[in-house]
Amino acid sequence: MGELFLNRPLAHQTMSDVTWHPTAYRTHNLGQISEGADLVGKEVTVCGFAEALRGKGKICFVDLRDGTGRAQVFLKQGNLSDEELESIQNASRESTLQITGVVALKRPPKVADGEPTPPPAYEVVASSAQVLAGAQTPLPLGVTDTVHIDLNTRLNNRYLDLRRSHVNAMFQLRSRVLQYGREFLISEGFGEINSPKIIAAAAEGGTNLFPMQYFDTPAYLSQSPQLYKQLSILGGLDRVFEVGPAFRAEEHDTYRHLNEFISFDIEMAWADDEDVMGVLERMINHVWAKISKQEMHLFEPINEFRSSQGKEPVEVVIPSIPFPRVSYDDAIALIQKKGGDINWGDDISAAHCDLIADEYPGFYFLPRWPMEMKPFYIHHVKGENGTTGEQLSRGFDLNYGRDEMTSGGQREHRWEILEQNLRDMELDPADFDFYIDGFRYGAPPHAGWGLGVARLLMVLCGASNVREIVLFPRDRSRVTP
RNA sequence: GCCCCGUUAGUGUAGCGGUUAUCAUACAGGAUUGUCAUUCCUGUGACACGGAUUCAAAUUCCGUACGGGGCGCCA
């Protein structure tokens, strides 16, 4: 497998847009070597993981990999000391090596008649070689092995799993998605904030919190930046976003839930639900457009791997905007029409979403949920009623297929209505003073949303489990590594 | 939390009452090699744990542990 990518840098951007200064251990990275036409004849020092070592005699080939790419190193008796040659030949896979040598054009491989000659490739002819750190054998999982590996085995040995090229590519994509998302929001006047993760009480109703001890006071891990980004708006910050962790003590066990996850949140003053849905679809459109323009090389290892597993390649189709709006009313009618068992007032399950996705493949909004199904802080407009006459809310979801990506809405900005909403839900407003107090001194109408980063990446990378694109996932039964 | 299912070398698999427990890859040793998933030879290595049934259990049953899939809830 590795061979297929031997001459390709893992990250396009690393070579062209990034300034690489030499470090204490290397003068060049392997991405530079693999694009090394202008380095031929130059002496370089490179470092990397030994992906494959071939040859125990007078010559030896090493496929070396670092974070930027791969390159072959050629070692020949006489070019370097016998001790050095022997130490490399005795090294195990994934040991880290440091090689000094001259960049040269590789001798072209023998190709069968009719096969095209591969493009020129470059290698380092070693004049000196060191093992920096040996890898114990056997490896708990083979980085280049083509055998299937259980997700659990992979996560138990994530530090090795991450070395696999398609896994590595997914995390590079994640970094780009966040970068392009940030740059988009900043271009629309948003500023980045960080809200506290240690809180005294629930900032949003519903889920269970992880309790913790804060000196002598009981406290909790934050399950959402909801309240704090609203308080930022009340504080006059106008447009804010946050990328940060949220913690939920729910005993769920699915491909799309974790107990710690990264939420991409925005909050926007003087705006309603439609306004922030617009921000969201423009942001996703921008991210997809940038990815498809600049990062498609990252899908090569991903699709190469998928093909080895008999899976369809993933394609990046820039979703056109606006995304379809399927109101709650329309969704219920559509599900019923397609034979789904659902009544007005029921939650829309993943199976129901499959039915909607038949009609609306890709991203679609589900706006205007019943007020009684939404939390007390969601705004409603009197007179906006559903087909059964019940009050509708300005809350919405964004789905992709069967999966919910985002939940958001216009928030209620009037403290009297907040208190009334709580009383309507048979809750005591006094218990929510920590929330409502911030609203007592003038509040802009505002709206926002929270997007599950891993769920969005799942769509982009074609992953079937959020754990695949979370570095060290935390679920009900996993707190290590 | 509910309903199904699974656990065999480092990794991933075959076997489904009697096998010397299959194969790939990895690992160790050797030969070969400017190789291209190098090739070839030799070797090492496994039935999750506890109990039951049986002449005989990796294989059937019960329990435990761990894991997987689906659902609910959510992002």
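Residue numbers start from 1 in every chain, and the chains themselves are labelled A, B, ... in the order their sequence lines are given, proteins ahead of strands.
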Quick one: [X] [atom1] to [N] [atom2], roughly how many Å, whole number?
X	N	atom1	atom2	result
A:L53	B:C27	CG	P	9 Å
A:I284	B:A75	CD1	P	15 Å
A:F261	B:C73	CZ	C1'	12 Å
A:R476	B:G69	CZ	C1'	14 Å
A:Q89	B:U35	CD	P	17 Å

Which nucleotide wins on minimum distance to the side chain of [X], given the candidates [options]?
X	options	answer
A:H257	B:A75, B:U38, B:G34	B:A75
A:T406	B:A26, B:C71, B:A75	B:A75
A:N152	B:G68, B:G34, B:A75	B:G68
A:N465	B:C74, B:G34, B:G69	B:G69
A:D63	B:G1, B:C74, B:U38	B:U38
A:K56	B:G29, B:U11, B:G10	B:G29
A:H148	B:C74, B:U13, B:G10	B:U13
A:R256	B:U35, B:C27, B:C74	B:C74
A:T137	B:A75, B:C71, B:C27	B:C27

Query - Any donor-acceptor N/O pair under 3.5 Å between B:G34 base and A:E123 side chain - result: yes
Query raised in the report: Is a donor-acceptor contact shorter than 3.5 angstrom present between the side chain of A:R93 and the base of B:C27?
Result: no
Taking OP1 and OP2 of [N], is either one under 4.0 Å from a side-chain nitrogen or oxygen of [X]?
X	N	value
A:R402	B:C71	yes
A:R54	B:U38	yes
A:T153	B:G12	yes
A:S349	B:G72	yes

[X] side chain to [Y] side chain, donor-acceptor N/O pair below 3.5 angstrom:
X	Y	answer
A:S195	A:E242	yes
A:R174	A:Q179	no
A:Q230	A:Q226	yes

Query raised in the report: A:I88 and A:L53: which non-hydrogen atoms are nearest, and at how many Å?
Result: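 Minimum heavy-atom separation between A:I88 and A:L53: O-CD2, 3.2 Å.
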Requested in this report: Kindly determine whether A:D161 and A:T153 satisfy side-chain contact (heavy atoms from CB on, under 4.5 Å), including the steps that lead there.
Outcome: CA-CA 9 Å; A:D161 182 52; A:T153 304; over 6 Å; no
**Report entry** Watson-Crick or G-U wobble mate for B:U39, both contacts under 3.5 Å
**Finding:**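 WC or wobble partner is B:A31.
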Requested in this report: Find out whether A:L227 and A:L231 are in side-chain contact, i.e. whether some heavy atom of one side chain is under 4.5 Å from a heavy atom of the other.
Outcome: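 Yes, close enough: below the 4.5 Å cut-off.
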Query raised in the report: Is there a stack between A:F74 and B:G34, judged by ring centres under 5.5 Å and planes under 30°?
Result: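 Whether judged by distance or by angle, A:F74 falls short somewhere, so it does not stack on the base of B:G34.
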